[in-house]
Amino acid sequence: MKFRLHRWIQFVETVPKGRFLYSANAGHFIHRDDPELVLWGIKMALQSDAGRK
């Protein structure tokens, strides 16, 4: 698991404004398991997009 996390973090670091989010409380259905995290991610993406206009 550590190896997989490390690889994902390395990948995300190559993306401008990329973020790696990990939820210990969520599985494959993150929208059900941790909806607040999903909403936060959407808000961050919209704020980032609004700053480019």
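Separating the CG atom in L37 from the OG atom in S23 is a distance of 5.5 Å, to the nearest 0.5 Å. The structure places CH2 of W40 at 11.5 Å from CG of D34, a figure rounded to the nearest 0.5 Å.
The hydrophobic clustering, which links ILVMFWY residues whose side-chain heavy atoms are closer than 4.5 Å, places L39 and M44 apart. Taking hydrophobic clusters as Ile, Leu, Val, Met, Phe, Trp and Tyr residues chained together by side-chain heavy-atom distances below 4.5 Å, Y22 shares a cluster with I9.
For F20, the CZ atom counts as densely surrounded, since its 6.0 Å shell holds more than 12 non-hydrogen atoms of other residues, nucleotides or ligands. Within a 6.0 Å sphere centred on CH2 of W8, other residues, nucleotides and ligands contribute 12 heavy atoms or fewer.
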